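Report on one structure; see the data block that follows.
Here the structure is a predicted model, which is why all the values come from computation and not from measurement.
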There are 2 protein chains.
Amino acid sequence: MKDTTLKELAETLGISVTTVSKALKGYADVSPKTREAVLKLAEELHFTPNAFAVNLRKQESKTIGVIIPEIVHHFFSKVLNGILDEAAKHGYLAIVLQSGESVELERKQVDLLINKRVDGILISLSNDSNDEAHLKEIIRRNIPLVQFDKISKLIPSTKVVINDRQAAFEATEHLILKGCRKIAHIRGPVNPQGAIDRWMGYKLALEKHGITYNPKLVYTCTHVTFEEGREFAKQILTDHPDVEGIFAITDLVAVGVISYFNENGFKVPDNVALIGFSNWFMSQVITPQLSSIDQPGEEMGALAFNCLLEEIEARKANKPYDLKTISLTTSVVERQSSQFKGK
Amino acid sequence: MKDTTLKELAETLGISVTTVSKALKGYADVSPKTREAVLKLAEELHFTPNAFAVNLRKQESKTIGVIIPEIVHHFFSKVLNGILDEAAKHGYLAIVLQSGESVELERKQVDLLINKRVDGILISLSNDSNDEAHLKEIIRRNIPLVQFDKISKLIPSTKVVINDRQAAFEATEHLILKGCRKIAHIRGPVNPQGAIDRWMGYKLALEKHGITYNPKLVYTCTHVTFEEGREFAKQILTDHPDVEGIFAITDLVAVGVISYFNENGFKVPDNVALIGFSNWFMSQVITPQLSSIDQPGEEMGALAFNCLLEEIEARKANKPYDLKTISLTTSVVERQSSQFKGK
DNA sequence: TTTATAGCCGAAAACGTTTTCGAAACGACC
DNA sequence: GGTCGTTTCGAAAACGTTTTCGGCTATAAA
């Protein structure tokens with residue numbers, strides 16, 4: 001059973017394909033009588049224009065590609081949610097791919113999207129993306145591109161990010177304002193820009209409040225897991241039993257810290273104040289509830305899509321457009337874990 | 001700057017489009033000399049076949065559509081992960097849509113995918129899907145369809161599910177074997193089949209072990225949230241202070257129960273044993289760690305895709321294929337929360 | 001009666017690829 | 001020289017739509 005085509009409609013009505021097409025698209029130069037006949041028959045036969053043909057003819061598919069490191073990830077799934085909803089509003093569909101934090105895979109996914117001839121690409125880079133050849137290829141091919149969250153500064157494109165340094169500054173300052181002076185930082189891996197920026201924000205906050213930075217209070221994750229949180233909690237307790245506050249790179253790590261402290265009778269927030277990062281769902285349901293930094297994931301996704309759409313439409317109309325970098329503001333979400341009691 | 005086409009290659013080489021196409025696809029009837037010339041030029045000019053044209057010609061796009069209720073959801077994102085990985089292995093891309101648990105939106109998304117002429121559709125229904133007209137339309141259009149997790153029994157298609165009744169039976173029996181006799185069940189909403197099946201599994205386990213079913217021990221969620229878990233925990237404590245075990249429809253609800261009990265000094269598992277459902281990540285990091293039922297999300301996704309692929313290929317080859325229903329086995333994940341101490 | 005003007009319609013090209021089918025060229029063999 | 005087979009190539013149709021452009025008819029104006 002084949003799909004109905006314009007040609008079939010035309011033949012059964014005894015008119016030309018052209019007229020059928022025009023009737024369906026509301027052109028003015030088709031009489032009301034034939035228009036209605038066409039519409040009626042099209043309805044009856046469940047006609048829908050063949051998307052393949054339309055794509056070929058119009059050289060566009062109303063489809064974008066999205067590449068993220070991991071889909072099973074609270075933040076990225078929220079961003080994706082924002083992208084999908086906003087895309088739907090504007091009649092766009094999204095092909096979703098994950099790079100699994102591997103550059104080779106990321107490059108492969110980019111190639112796939114280029115070959116598919118998507119109308120545009122949204123990408124958040126994998127952690128070890130040192131090579132940008134594939135991104136350059138996107139630009140060479142003149143495909144609209146917007147980077148979000150984890151970006152490459154070397155690639156000229158619109159970017160939607162959060163200000164990691166500022167956010168980390170506020171997180172640390174929050175602990176300071178709660179009365180902490182000796183504050184440890186469990187930071188992210190060495191390379192990713194985000195981890196570096198947050199670490200710098202931490203230092204800046206200490207500096208502003210006259211606390212000397214002590215590198216021994218900084219612990220570096222390699223995998224940013226729950227288990228690492230537990231391990232570093234133990235380590236901190238032996239290295240610095242008098243620690244007053246901890247700023248963890250991520251809620252997951254912070255939850256690991258809580259878990260270890262809970263088991264070992266070290267009280268959060270009575271003995272030590274704690275703040276995480278991302279405002280992951282779990283931070284509301286753990287005991288004690290975890291203070292955190294809210295990253296507006298859906299907003300980031302929606303904004304990234306809108307920037308991409310702007311670029312797509314500008315190019316189609318042969319209009320110029322500006323590459324911008326949008327920095328979303330984060331906010332401290334104050335919960336129980338940071339209500340430091342002092343000594 | 002336009003993309004290179006077969007025609008351009010042909011013209012600069014002074015040969016026909018046909019020969020260029022054949023050279024690129026490794027046909028035998030093109031001489032080694034011309035083949036190499038074509039390959040070389042294609043490489044230089046970064047030629048990639050125009051996907052729009054290929055789709056039109058072949059009447060397929062190597063793209064499938066996926067509709068899930070929510071993307072920001074641990075289980076569904078895992079299923080999606082399984083789908084995407086398996087699809088990638090077979091050279092397929094996926095367009096992802098969410099129905100947001102609304103039938104109207106679901107119907108709209110189905111229409112979009114039909115119009116896009118995807119090669120097949122994977123769908124998990126929204127909760128209030130009582131109307132199946134849109135699914136029937138997929139079948140009428142002869143589009144390969146596989147349902148997973150939340151399915152409609154009325155629609156003939158391959159299905160990949162878990163055996164909710166069996167899983168709930170095992171969860172309840174697990175509590176019984178730990179020594180619980182008075183066991184409450186916080187069940188899901190009234191309509192969805194999954195909630196009904198789990199409730200029946202609960203009853204069956206009681207029956208098998210000679211415990212009379214008491215409807216007053218069953219509490220019905222409407223939104224299946226953390227807050228509902230807390231509320232019902234409170235309610236259970238006043239209604240049945242001597243409760244020994246609780247089987248919650250979902251880990252999230254179970255975590256709500258833990259949260260309330262933790263705050264009010266009612267000890268899990270000393271006073272009451274608890275088991276959830278889904279084995280989502282949080283169950284490992286909460287204190288006490290939550291026993292649960294593991295649902296193999298990625299496996300479900302991978303399997304669903306493979307079934308779809310089978311159907312796609314069978315149709316292309318005009319071979320018959322069978323509709324099957326695959327029931328994945330779940331397993332009890334025993335953690336701290338179910339280690340009941342008795343009285 | 002001619003001319004201008006709407007109103008309606010359709011031929012045809014274009015999008016870029018794939019595949020069928022036949023043809024040309026060439027050598028080998030009888 | 002004719003026949004046959006092999007190798008290499010290309011014309012053309014097909015996939016289904018969109019859009020331009022010109023043409024036809026009938027009516028109104030001159």
Side-chain angles (χ1 to χ4, degrees), chain A residues 1-39 41-42 45-63 91 114-119 141-142 316, chain B residues 1-39 41-42 45-63 114-119 141-142 316-317:
Chain A
M1 193 186 112
K2 274 189 62 281
D3 283 310
T4 30
T5 67
L6 284 186
K7 197 173 159 195
E8 286 167 27
L9 294 183
E11 276 168 6
T12 65
L13 288 174
I15 57 178
S16 79
V17 172
T18 307
T19 307
V20 176
S21 174
K22 288 203 257 191
L24 290 171
K25 314 208 78 196
Y27 274 59
D29 63 344
V30 36
S31 74
K33 199 164 37 166
T34 45
R35 181 201 318 288
E36 271 156 36
V38 169
L39 258 42
L41 189 65
L45 269 49
H46 300 93
F47 172 82
T48 49
N50 183 309
F52 299 152
V54 177
N55 289 348
L56 177 60
R57 171 66 218 222
K58 297 232 200 128
Q59 294 290 22
E60 65 170 19
S61 57
K62 294 275 183 189
T63 303
I114 290 177
N115 292 349
K116 268 284 157 180
R117 281 177 161 67
V118 290
D119 294 351
R141 295 258 185 182
N142 255 309
K316 207 157 52 176
Chain B
M1 193 187 115
K2 273 190 63 280
D3 283 311
T4 29
T5 67
L6 284 187
K7 197 173 162 194
E8 286 168 27
L9 295 183
E11 275 168 6
T12 65
L13 287 173
I15 59 179
S16 79
V17 172
T18 306
T19 307
V20 176
S21 174
K22 288 204 256 192
L24 290 170
K25 313 209 77 195
Y27 275 59
D29 64 343
V30 35
S31 74
K33 200 166 33 169
T34 45
R35 181 200 319 288
E36 272 156 36
V38 169
L39 259 43
L41 189 64
L45 269 50
H46 300 94
F47 171 81
T48 51
N50 182 307
F52 299 152
V54 176
N55 290 347
L56 177 60
R57 169 69 217 222
K58 298 233 201 125
Q59 295 289 21
E60 64 170 21
S61 57
K62 293 276 182 187
T63 304
I114 289 177
N115 292 350
K116 267 283 157 184
R117 281 179 162 66
V118 289
D119 294 351
R141 296 257 185 181
N142 255 310
K316 207 158 52 178

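Using a 4.5 Å heavy-atom cutoff, the side chains of T48(A) and R141(B) are in contact. At least one side-chain heavy atom of F47(B) sits under 4.5 Å from a side-chain heavy atom of L6(B).
Whole-Å rounding puts the E8(B) CD to dC15(C) P distance at 10 Å. Put simply, CZ on R117(A) is 9 Å from C1' on dG16(C), counting in whole angstrom units. Distance CG (L24(B)) to C1' (dT19(C)): 15 Å, rounded to an integer number of Å. Here the P atom of nucleotide dC15(D) and the CZ atom of F52(A) are 14 Å apart, to the nearest Å. What separates OH of Y27(A) from P of dC21(D) is a distance of 12 Å, to the nearest Å. The NZ atom of K7(A) sits 15 Å away from the P atom of dA12(C) (whole-angstrom rounding). The distance from atom CG of L6(A) to atom P of dA14(C) is 20 Å, rounded to the nearest whole Å. Atom CG in L56(A) sits about 9 Å away from atom P in dC15(C), given to the nearest Å.
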Any N/O pairs under 3.5 Å between the protein and nucleotides 7-10 of chain C? List them or say none.
unit_1, atom_1, unit_2, atom_2, d
dC9(C), OP2, S31(A), N, 2.9
dC9(C), OP2, S31(A), OG, 3.4
dC9(C), OP2, T34(A), OG1, 3.0
dC9(C), N4, D29(A), OD2, 2.8
dG10(C), OP2, S16(A), N, 3.0
dG10(C), OP2, S16(A), OG, 3.2
dG10(C), OP2, T19(A), OG1, 2.8
dG10(C), O6, K22(A), NZ, 2.5

Less than 3.5 Å apart, which donor and acceptor atoms pair up between the side chains of residues 19-26 of chain B and the rest of the protein, not counting sequence neighbours?
unit_1, atom_1, unit_2, atom_2, d
T19(B), OG1, S16(B), OG, 3.1
K22(B), NZ, D29(B), OD2, 2.9

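The side chain of Q59(A) contributes an N or O atom lying less than 4.0 Å from OP1 or OP2 of dG16(C).
Q59(B) and N50(A) make their closest contact through OE1-ND2, 3.6 Å (heavy atoms, listed as atom of the first residue, atom of the second, distance). Taking every heavy atom of both residues into account, A51(B) and N115(A) meet most closely at CB-O, 3.2 Å.
At a cut-off of 3.5 Å, with distance as the only test, no side-chain donor of K116(B) or S61(B) sits close to an acceptor on the other residue.
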